[in-house]
Amino acid sequence: MHYLSTRGDATARKFCDILLAGLAPDGGLYLPAHYPQIGTERLGQLRRIYAEQGYAALAFEILSLYIDDIPADDLRAICRKTYTEEVFGTAAITPVRQLEGQLHVEALSNGPTLAFKDMAMQLLGNLFEYELARRGEQLNILGATSGDTGSAAEYAMRGKQGVRVFMTSPHGRMSPFQQAQMFSLQDENIHNLAIEGVFDDCQDIVKAVSNDLAFKAQYKIGTVNSINWARLLAQVVYYFAGYFQATQSNDQQVSFTVPSGNFGNVCAGHVARQMGLPIARLVVATNENDVLDEFFRTGVYQVRGAAATFETSSPSMDISKASNFERFIFDLVGRDGARTQALFAQGVGQEGRFDLSGDPVFADIQARFGFVSGKSTHADRLATIRDSYRRLGQMVDTHTADGIKVAREHVGAEPMIVLETALPIKFAATIEEALGRQPDRPAQFDGIESLPKRVQVLPADVTQVKAYIARHCD
Ligand SMILES: *Cc1c(COP(=O)(O)O)cnc(C)c1O
């Protein structure tokens with residue numbers, strides 16, 4: 001399998017070439033040259049493998065279609081080491097449960113940081129360690145987080161050979177639980193940098209460091225953001241696992257609803273559907289930051305700046321420029337790299353907008369690609385959390401609640417699977433507002449807020465962040 005860029009650079013690259021890279025040199029995102037097709041017979045084999053050997057074996061089968069520069073035995077070992085009951089809490093790894101009628105929830109949030117990002121990040125940690133050892137190289141990951149991504153990255157990379165993490169976060173602005181999760185890590189290779197500023201300041205610092213090419217090369221700076229193809233690929237696996245759990249035979253269809261921000265999670269569903277997994281519809285659920293809902297309803301993609309982005313009670317979806325969206329648009333316009341370049345580098349880049357409403361590719365977006373959408377507000381979220389708990393006896397987090405609200409508007413004859421993207425304890429204040437009680441806390445997190453914290457507070461100043469990195473790299 002080779003990888004190409006959404007903006008037309010077709011230089012043949014292998015999986016491990018793009019594993020440690022960010023954007024393609026032309027500014028595009030990497031995608032496989034084609035999507036391997038899973039016919040009915042092969043789907044039957046995968047169903048048996050999943051039933052008999054479990055999630056890690058299924059992951060190996062899917063991943064090996066896209067990775068041919070890691071020996072099969074090594075890749076199998078990496079999958080086995082990643083997807084264990086010990087790390088993900090259940091032998092099923094991503095168990096599907098019924099909410100009511102055709103409505104189901106697939107649990108993706110029982111990993112170490114209680115959000116679905118662990119599903120991909122845990123694999124990435126093991127792939128990075130493997131590839132860096134093979135090359136005899138080191139990598140220093142620099143990131144910015146408002147909560148979920150940073151903790152998932154730290155728990156995935158802690159104690160790994162050849163990797164250090166420098167994670168910036170806005171000082172005092174994450175929830176006490178999120179701060180405790182990150183700052184209680186005592187591993188030598190994990191560095192928490194609490195920046196005196198807001199999330200955008202953290203992002204600006206990361207950008208400024210990455211744009212200093214000499215510094216970046218000298219200190220081997222890398223990232224683990226959501227455009228990384230390996231993260232997306234890891235997420236494809238649980239669409240198959242969800243399908244097998246919600247159906248008995250391979251002539252059945254299912255639909256998925258995905259609480260969305262950067263479009264990474266639902267883009268993995270798009271890949272699974274392109275491979276031939278019988279997915280009727282992919283429902284994109286947004287919160288008040290509804291840039292994606294607007295596109296799927298109208299054909300107009302209008303990104304918004306930080307000032308026009310609302311702070312909501314489903315904060316991991318407070319995104320007004322979806323970094324993975326370009327991958328889908330590339331497929332939508334028939335994999336035309338020049339056209340994608342024109343839409344994103346010129347359209348979004350300059351005016352922050354493009355309009356496909358009059359284009360034939362938009363007219364059949366639902367028929368060809370299965371995409372529909374909807375949005376949910378704070379009031380919807382509270383009502384859904386209450387209803388799920390009081391009437392159905394299930395406590396769900398705020399992002400998953402957005403998914404359930406929108407899924408109900410699209411339930412058809414086939415099972416509808418909502419992806420559970422976090423557990424309620426991560427967003428306790430809103431649960432308390434909805435239910436008048438604290439969410440349940442998994443036993444391993446008892447007393448986490450009183451553990452010793454390992455964090456360096458720094459001003460929002462690139463020079464000081466660079467100096468900190470330099471001091472802590474050998
Ligand atoms: C990251 C995240 C999302 C959004 O996922 P994308 O892949 O960015 O669309 C939704 N919910 C939670 C809890 C998250 O952490």
Side-chain angles (χ1 to χ4, degrees), residues 29 105-122 124 143-156 169 174-175 177-178 181-182 199 224-236 238-239 256-272 282-293 295-296 309 312-328 371 373-376 381 384-385 396-407 418-428 430-431 439:
L29 282 71
V105 171
E106 183 170 7
L108 304 178
S109 307
N110 296 310
T113 72
L114 309 184
F116 86 98
K117 292 191 172 67
D118 289 328
M119 292 299 304
M121 210 67 95
Q122 287 287 318
L124 203 66
T145 189
S146 54
D148 294 342
T149 306
S151 55
E154 291 188 353
Y155 279 76
S169 61
M174 291 190 297
S175 77
F177 185 85
Q178 286 176 317
Q181 257 189 335
M182 286 177 59
F199 175 61
V224 286
N225 49 24
S226 82
I227 58 154
N228 184 294
W229 165 254
R231 278 181 66 181
L232 207 134
L233 177 58
Q235 294 168 355
V236 173
Y238 53 68
Y239 284 87
F256 285 93
T257 300
V258 187
S260 293
N262 267 320
F263 204 75
N265 202 356
V266 75
C267 195
H270 163 68
V271 172
L282 288 165
V283 186
V284 177
T286 73
N287 63 17
E288 291 88 336
N289 297 296
D290 57 354
V291 169
L292 291 169
D293 178 44
F295 173 78
F296 285 105
T309 303
T312 75
S313 46
S314 44
S316 302
M317 290 154 61
D318 291 349
I319 290 163
S320 296
K321 188 174 181 188
S323 55
N324 274 288
F325 192 51
E326 183 169 332
R327 287 195 158 108
F328 169 65
F371 273 101
S373 69
K375 75 181 267 192
S376 163
R381 215 165 286 137
T384 305
I385 292 168
V396 294
D397 103 289
T398 54
H399 307 76
T400 311
D402 289 333
I404 292 170
K405 188 268 177 181
V406 173
V418 179
L419 299 186
E420 179 175 60
T421 55
L423 291 194
I425 185 70
K426 292 201 93 167
F427 305 96
T430 307
I431 302 296

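Order of appearance sets the numbers: ligands from 1, and atoms from 1 within every ligand.
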(message) If we ignore hydrogens and angles and just use 3.5 Å, is the side chain of Arg327 paired with the main-chain N or O of Leu29 as donor and acceptor?
(response) no
(request) Ignoring hydrogens and angles, tell me if any N or O in the side chain of Lys426 forms a donor-acceptor pair with the backbone of Thr113 under 3.5 Å. (result) yes
Backbone or side chain, does any N or O of [X] fall under 3.5 Å from an N or O of ligand 1?
X	value
Phe263	yes
Asn265	yes
Ala115	no

Distance to 0.1 Å, residue and atom name: give those for the protein heavy atom nearest to [atom].
atom	value
atom 4 (C) of ligand 1	Gly261 N, 3.6 Å
atom 11 (N) of ligand 1	Thr421 OG1, 2.9 Å
atom 6 (P) of ligand 1	Asn262 N, 3.6 Å

Atoms of ligand 1 less than 4.0 Å from [X] heavy atoms?
X	answer
Ala422	13 (C)
Met317	10 (C)
Gly264	6 (P), 7 (O), 9 (O)

Checking side-chain polar atoms at under 3.5 Å, does [X] have a donor or acceptor matched by the opposite partner on [Y]?
X	Y	result
Asp318	Thr312	yes
Thr398	Ser313	no
Asp293	Thr286	no

(message) Tell me whether ligand 1 is touched by Pro259 - counting only heavy atoms on the residue side and a distance under 4.0 Å.
(response) yes
Please state which part of [X] comes within less than 4.0 Å of ligand 1, counting heavy atoms only: side chain, backbone, both or neither.
X	value
Asp148	side chain
Phe116	side chain
Lys426	neither

(message) For Glu420, run the side chain to side chain contact (heavy atoms under 4.5 Å, CB included) check against Thr400, Ile404, Leu108 and tell me which one passes.
(response) Thr400
Pairwise side-chain contact, [X] with [Y], heavy-atom cut-off 4.5 Å (strictly under):
X	Y	answer
Asn287	His399	no
Asn289	Met317	no
Asp402	Arg381	yes

(message) Nearest non-hydrogen contact with atom 1 (C) of ligand 1 belongs to which option: Glu420, Lys117, His399?
(response) Lys117
